[in-house]
> 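Once you've had a glance at the structure underneath, I'll fire off some questions.
In what follows, residues are counted from 1 in the order of the sequence shown. Fair warning: this is a prediction, and the values are worked out from it, not measured in the lab.
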Amino acid sequence: MALMSTVLDREEYVEQAYFFRTFRERVAENLPSQEVLASLDQEILTTTRLPMAVQFLATEIKHSGLLATGFERLGHYFNPFQAFVVRQAEDEKMRFSMSTAFVVLEREATYRANNPTRPGLFVYQFETICRNRLGYWDGLTAMSQDPFYDADWSAYLETVRKEVGVVDFADLVYLRSEYAVIEQRRKTRGFEPAVPMLFGEKEGKIAKASRGRDPLFLFAALQRQLGYPEVPRPRERDDTEAKLQLMQVKINELEARLKLMEGELRGQIDLSLFKPEMFKNDD
C-alpha cells in the first residue's frame with residue numbers, strides 16, 4: 001500500500017520541474033524512456049530525494065513498462081494528482097499524450113516552488129481535468145488526497161466532485177468567496193457564512209462575472225487578472241509525420257512496381273512483390 005504524500009520542500013519541486021521538462025524533451029528526441037531514466041538521476045540535486053525516486057521509476061518501467069505504477073508506489077513522494085495525470089496519459093483510451101502530461105506536471109511543480117496558493121492550485125488542477133477530459137470523479141478524488149489542501153479544502157473538493165456538471169463552476173467558486181459574503185452583508189447586516197470561505201474577493205468577483213459562460217473563460221480570466229498558472233493547451237494535430245510515413249509507403253510501392261515490371265521484361269517475375277492494392281488508382 002502506498003504511503004500518504006507530504007508537502008515537500010521548495011528545492012524538491014524545483015528539481016521535479018527540471019526532471020519533468022528534461023525527461024519530456026529527451027523522449028521527444030526519440031530516446032527510450034528507460035535509457036533517459038537510467039541516467040537522469042545523475043543530473044538532479046543530490047540533497048533532494050528525487051534521484052532515488054528517479055532510480056525507482058527506472059526500475060519500475062523496466063519491469064512493468066509503465067510510469068504510473070511507479071508514481072503510485074512512491075505515494076510518500078509524488079502526490080496523488082501527479083500519479084493520476086501520468087496514469088491517464090498511459091491509458092490508450094484517453095486522448096492525452098505523455099508529452100502534454102509532463103508539461104502539466106512541470107508547470108504544477110514550478111507553481112508549487114513559488115509561493116503557491118490553494119485557490120491557484122485548485123483551479124490549475126481542475127482546469128487540467130476539464131480541458132483534457134481526464135475524468136472528474138477520479139481526478140477530484142486525487143486532488144482531495146493532496147496534502148497541500150487542508151480539511152476545509154478536502155471537504156470542498158468532495159462537494160465539487162458531487163456537484164460538478166450540475167452546478168455552474170463559476171457558482172462553485174463565487175458562493176465560497178469573500179465577495180459573496182460582502183454582497184450578502186449588504187442585504188443582511190451581521191451575516192456569517194455557515195462554511196469557510198476559500199476564495200478571495202477578487203476571485204469571487206471574477207467568478208460572478210463568468211456565470212453562465214464556458215468555464216475556460218473563467219480560467220483564462222483568473223490567469224490574466226491574478227496570475228494563476230496556465231494549463232498547457234492541447235496542441236493541434238501535426239500531420240507532418242503521418243504524411244512522411246504515407247510518402248514512404250508510396251515510394252516502397254513504386255519500387256515494388258518497378259521491380260515487377262523489370263522482372264516481367266526479363267521473364268523473371270517475383271510474385272512475392274505482387275500486392276493487388278498497389279495497382280488501385282490513387283485518389
Side-chain angles (χ1 to χ4, degrees), residues 5 7 13 20 71 78-89 91 94-96 100-112 114-180 195-200 202-234:
S5 61
V7 177
Y13 294 121
F20 293 134
F71 275 76
F78 294 114
N79 66 65
F81 186 76
Q82 290 174 316
F84 166 75
V85 168
V86 175
R87 185 170 65 251
Q88 297 304 87
D91 187 341
M94 306 295 295
R95 299 181 63 182
F96 182 56
T100 301
F102 270 71
V103 176
V104 167
L105 296 179
E106 177 195 342
R107 292 186 184 180
E108 188 205 43
T110 299
Y111 182 67
R112 287 176 183 265
N114 293 281
N115 301 315
T117 65
R118 293 187 179 102
L121 185 63
F122 163 75
V123 171
Y124 179 82
Q125 292 178 334
F126 188 88
E127 183 184 355
T128 295
I129 296 170
C130 175
R131 187 176 288 279
N132 296 286
R133 301 177 181 178
L134 301 184
Y136 289 114
W137 191 265
D138 291 341
L140 286 161
T141 299
M143 288 170 62
S144 68
Q145 296 168 354
D146 191 321
F148 186 71
Y149 298 114
D150 60 17
D152 290 336
W153 270 93
S154 294
Y156 172 69
L157 286 164
E158 181 65 21
T159 299
V160 173
R161 187 172 66 164
K162 294 176 180 178
E163 300 292 341
V164 67
V166 178
V167 178
D168 190 338
F169 179 73
D171 281 328
L172 290 172
V173 174
Y174 166 72
L175 294 173
R176 296 298 295 269
S177 71
E178 294 293 342
Y179 186 66
V195 292
M197 296 296 102
L198 303 177
F199 297 93
K202 291 181 179 179
E203 285 92 344
K205 192 174 294 186
I206 293 170
K208 185 178 180 181
S210 301
R211 279 175 160 175
R213 303 174 68 193
D214 190 322
L216 296 180
F217 297 145
L218 171 56
F219 301 145
L222 291 169
Q223 290 160 10
R224 292 193 305 270
Q225 296 293 326
L226 302 180
Y228 276 23
E230 184 177 343
V231 173
R233 273 57 168 172

> Would you give the length of the straight line joining atom SG of C130 to atom CG of L218, rounded to the nearest 0.5 angstrom?
10.0 Å

> Which atoms form the tightest heavy-atom contact between F84 and L134, and what is the distance?
CZ-O, 3.5 Å

> Kindly state each residue pair satisfying salt bridge (Lys or Arg N to Asp or Glu O under 4.0 Å) with at least one member in residues 214-228, sequence neighbours excluded.
none

> Who are the salt bridge (Lys or Arg N to Asp or Glu O under 4.0 Å) partners of D152, not counting sequence neighbours?
none

> What is the minimum heavy-atom distance between G204 and S177, and which atoms define it?
CA-OG, 3.2 Å

> Tell me the salt bridge (Lys or Arg N to Asp or Glu O under 4.0 Å) pairs involving residues 167-177, sequence neighbours left out?
D171-R211

> D150: which residues meet the side-chain hydrogen bond (donor to acceptor under 3.5 Å, both in side chains) condition with it, sequence neighbours left out?
none

> Could you measure the distance from the CZ atom of R233 to the OG1 atom of T100? Nearest 0.5 Å is fine.
12.5 Å

> Could you work out, with salt bridge (Lys or Arg N to Asp or Glu O under 4.0 Å) as the rule, every residue matching E163, not counting sequence neighbours?
none

> Can you tell me how far the CE atom of M143 sits from the CG atom of L157, to the nearest 0.5 Å?
5.0 Å

> About how many Å separate CD of E230 and CG of L222, when rounded to the nearest 0.5 Å?
12.5 Å

> Can you list everything that forms a salt bridge (Lys or Arg N to Asp or Glu O under 4.0 Å) with E106? Sequence neighbours excluded, please.
R21, R24

> Could you list the residues that satisfy ring pair (Phe, Tyr, Trp, His ring centres under 6.0 Å) with F219, not counting sequence neighbours?
F169

> Quick one: list whatever passes side-chain hydrogen bond (donor to acceptor under 3.5 Å, both in side chains) with Y179, sequence neighbours left out.
E183

> By salt bridge (Lys or Arg N to Asp or Glu O under 4.0 Å), which residues pair with R131, not counting sequence neighbours?
E127

> Identify the heavy atoms of Y156 and L172 that sit nearest to each other, and give their distance.
OH-O, 2.8 Å

> So do the side chains of I206 and L226 get within less than 4.5 Å of each other, counting heavy atoms only?
yes

> Please list, chain by chain and in numerical order, all residues satisfying side-chain hydrogen bond (donor to acceptor under 3.5 Å, both in side chains) with E158, sequence neighbours excluded.
R161

> Compare all side-chain heavy atoms of Y136 with those of V160 and state whether any distance is below 4.5 angstrom.
no

> Is there side-chain contact between V231 and R107, with at least one heavy-atom pair below 4.5 Å?
no

> Of all heavy-atom pairs between F199 and V173, which one has the smallest distance, and what is that distance?
CD1-O, 3.7 Å

> Where do S154 and S144 come nearest, in terms of heavy atoms and distance?
OG-O, 3.4 Å

> Do side-chain atoms of Q145 reach the backbone of A142 as a donor and acceptor pair under 3.5 angstrom?
no

> Could you tell me the separation between the CG atom of L140 and the CZ atom of F81, rounded to the nearest 0.5 Å?
9.0 Å

> For the NZ atom of K208 and the OH atom of Y174, what is their distance to the nearest 0.5 Å?
4.5 Å

> Would you say Q88's side chain and V85's backbone share a donor-acceptor pair under 3.5 angstrom?
no

> Taking only residues two or more places apart in sequence, or in another chain, which ones meet K205 in a side-chain hydrogen bond (donor to acceptor under 3.5 Å, both in side chains)?
none

> Show me the side-chain donor-acceptor pairs of residues 116-125 shorter than 3.5 Å, one per line, residues at least two apart or across chains.
from, atom 1, to, atom 2, distance (Å)
T117, OG1, Y111, OH, 3.1
T117, OG1, G120, N, 3.0
R118, NE, F148, O, 2.8
Y124, OH, V104, O, 2.7
Q125, OE1, Y149, OH, 2.8
Q125, NE2, E108, OE2, 2.8

